[in-house]
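Inspection log for the structure reproduced underneath, given as structure tokens.
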Amino acid sequence: MELTPFTKQCYGKPRRGVIFYFCGWMMPFWVYGPVFIIMSLSGYRVHAYSFAEHYVMEADNKGFLEQLREIIDDVEADVLSFQDQGVKFFAAFGNSIGSELALACSKAITAISAVVLNTMRGSTSEFLWHSPYARVWKSMYKAQGYTEATLYNELRPVEAREYLDRLGRRPILLYFSQADTTSPPHNTELLITALSAEHVQ
């Protein structure tokens, strides 16, 4: 099956740097409009990404991970282009599942020097297998023959606690709510514990 392209929009000029912003699932760009305006007025160029939602809807790991690789390649090309223009500061911001993409990009691209994660899961596979919100996805994965262990193994490129050593000591700002009923806070705390162990918070 041909890969469905991700969507990308750009705002502002890179007077102070470039922010790569990864939107949440099924959240259109206009939802983030005020955020992008503030970032642009603050002197940042914003490159906003939205991935093809049907990969998540259909529990299609292959398509999702291929799209992640495409996005990482695009971000890396943008970083190199802006570096040639003298830009020195790059940051990755993510919201919800977009936080998983932001963190994966940051692990792959060392030029990204700061990371901001909002409503971040500490383990995608644990969320899909145990969260009441994810029951539909768990049934789809089980129908494909997955166990929690095989799902984790396949999702390693986007599993938050994998490859944390690649972040070095870059600053990470993480927001989550103890009252969140969609992404259980104990799941996010898996990442916080792992970050503390790696001394990269």
Side-chain angles (χ1 to χ4, degrees), residues 1 3-4 6 21-28 31-32 49-72 92-108 115-167 170-201:
M1 183 178 73
L3 181 67
T4 302
F6 57 84
Y21 197 104
F22 302 88
C23 301
W25 178 55
M26 297 184 71
M27 297 186 71
V31 172
Y32 302 93
Y49 291 85
S50 178
F51 61 94
E53 60 191 39
H54 66 268
Y55 293 129
V56 174
M57 293 177 68
E58 299 171 6
D60 179 359
N61 286 351
K62 185 173 184 289
F64 179 79
L65 293 174
E66 285 180 358
Q67 182 140 115
L68 171 62
R69 285 188 285 270
E70 292 277 345
I71 290 173
I72 290 174
F93 282 53
N95 180 55
S96 189
I97 196 171
S99 291
E100 298 172 25
L101 305 182
L103 189 60
C105 279
S106 301
K107 292 172 183 175
V115 188
V116 179
L117 308 171
N118 183 44
T119 317
M120 176 71 188
R121 280 178 283 274
S123 172
T124 305
S125 57
E126 199 272 350
F127 168 78
L128 290 168
W129 217 255
H130 297 286
S131 172
Y133 182 82
R135 285 180 185 140
V136 172
W137 283 283
K138 179 179 179 180
S139 64
M140 287 193 287
Y141 280 117
K142 290 181 74 172
Q144 295 178 58
Y146 285 95
T147 63
E148 185 179 359
T150 58
L151 184 62
Y152 182 95
N153 188 60
E154 188 166 281
L155 290 176
R156 279 182 187 276
V158 78
E159 277 287 349
R161 293 172 295 166
E162 291 290 328
Y163 317 115
L164 285 177
D165 58 306
R166 296 178 183 176
L167 292 170
R170 282 177 277 178
I172 298 171
L173 178 61
L174 192 155
Y175 292 94
F176 74 109
S177 171
Q178 290 288 352
D180 194 331
T181 58
T182 300
S183 295
H186 74 264
N187 188 291
T188 303
E189 288 163 0
L190 295 172
L191 175 59
I192 294 171
T193 300
L195 286 170
S196 298
E198 286 286 339
H199 305 290
V200 294
Q201 75 259 24

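As the structure is a prediction and not an experimental result, all values here were calculated from the model.
Nearest heavy atom pair, residue Pro157 against residue Ala104, reads O-CB, 3.7 Å. Residues Cys105 and Ile72 come closest through the heavy atom pair SG-CG1, 3.5 Å. The minimum heavy-atom distance linking Ala160 with Met120 is given by the pair CB-CE, 3.5 Å. For the residue pair Arg161 and Lys107, the shortest heavy atom distance occurs at N-NZ, 4.4 Å. Between Gly122 and Leu191, the closest heavy-atom pair is CA-CB, 3.7 Å.
In terms of modelled atom types and a separation under 3.5 Å, the side chain of Thr119 and the main chain of Asn95 share no donor-acceptor contact. Arg166 places no side-chain N or O within donor-acceptor distance of the main-chain N or O of Glu162, the cut-off being under 3.5 Å. Distance alone, capped at 3.5 Å, is enough to place a donor-acceptor pair between the Gln144 side chain and the Ala59 backbone. Remark: side-chain polar atoms of Asn187 are paired, donor with acceptor, to backbone N or O of Ser123 under 3.5 angstrom. Put simply, the side chain of Ser139 gets close to the backbone of Val136: a donor and an acceptor are under 3.5 Å apart.
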### Task
Starting from the C-alpha separation in whole Å, work towards a yes-or-no answer on side-chain contact (heavy atoms from CB on, under 4.5 Å) for Trp129 and Lys142.
CA-CA 10 Å; Trp129 217 255; Lys142 290 181 74 172; 3.5 Å; yes
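Checked against the 6.0 Å centroid criterion, the rings of Phe6 and Phe51 do not qualify as a close aromatic pair.
Once rounded to the nearest 0.5 Å, the distance linking CG of Leu155 with CG of Asn61 reads 4.5 Å. Atom NE2 of His186 is separated from atom CG of Asp180 by 11.0 Å, given to the nearest 0.5 angstrom. For the atom pair Leu65 CG and Glu154 CD, the distance stands at 6.5 Å (nearest 0.5 Å). The line from CG of Leu128 to NZ of Lys138 is 10.5 Å long, rounded to the nearest 0.5 Å. Between Phe64 atom CZ and His54 atom NE2 the span is 12.0 Å, to the nearest 0.5 Å.
Looking at Ser125 and Tyr146, their side chains never come closer than 4.5 Å, going by heavy atoms from C-beta outward. Taking 4.5 Å as the limit, every side-chain heavy atom of Phe22 sits out of range of all side-chain heavy atoms of Leu103. Counting heavy atoms from C-beta on, the side chains of Ser96 and Trp25 never come closer than 4.5 Å. Contact check for Arg121 versus Ile97: side-chain heavy atoms found under the 4.5 Å cut-off. No side-chain heavy atom of Thr150 sits less than 4.5 Å from a side-chain heavy atom of Asn153. No side-chain heavy atom of Tyr141 sits under 4.5 Å from any side-chain heavy atom of Glu148. No side-chain heavy atom of Leu151 sits under 4.5 Å from any side-chain heavy atom of Thr124.
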Using a 3.5 Å cut-off and no angle test, enumerate the donor-acceptor pairs between side-chain atoms of residues 171-178 and protein atoms at least two apart in sequence or in another chain.
| unit_1 | atom_1 | unit_2 | atom_2 | d |
| --- | --- | --- | --- | --- |
| Ser177 | OG | Ala179 | N | 3.0 |
| Gln178 | NE2 | Glu189 | OE2 | 3.2 |

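Counting heavy-atom neighbours within 6.0 Å of Arg135 CZ, excluding the residue itself, gives a total of 12 or less.
Residues passing the ring-ring contact (aromatic ring centres under 6.0 Å, His included) test with Tyr152, sequence neighbours excluded: none.
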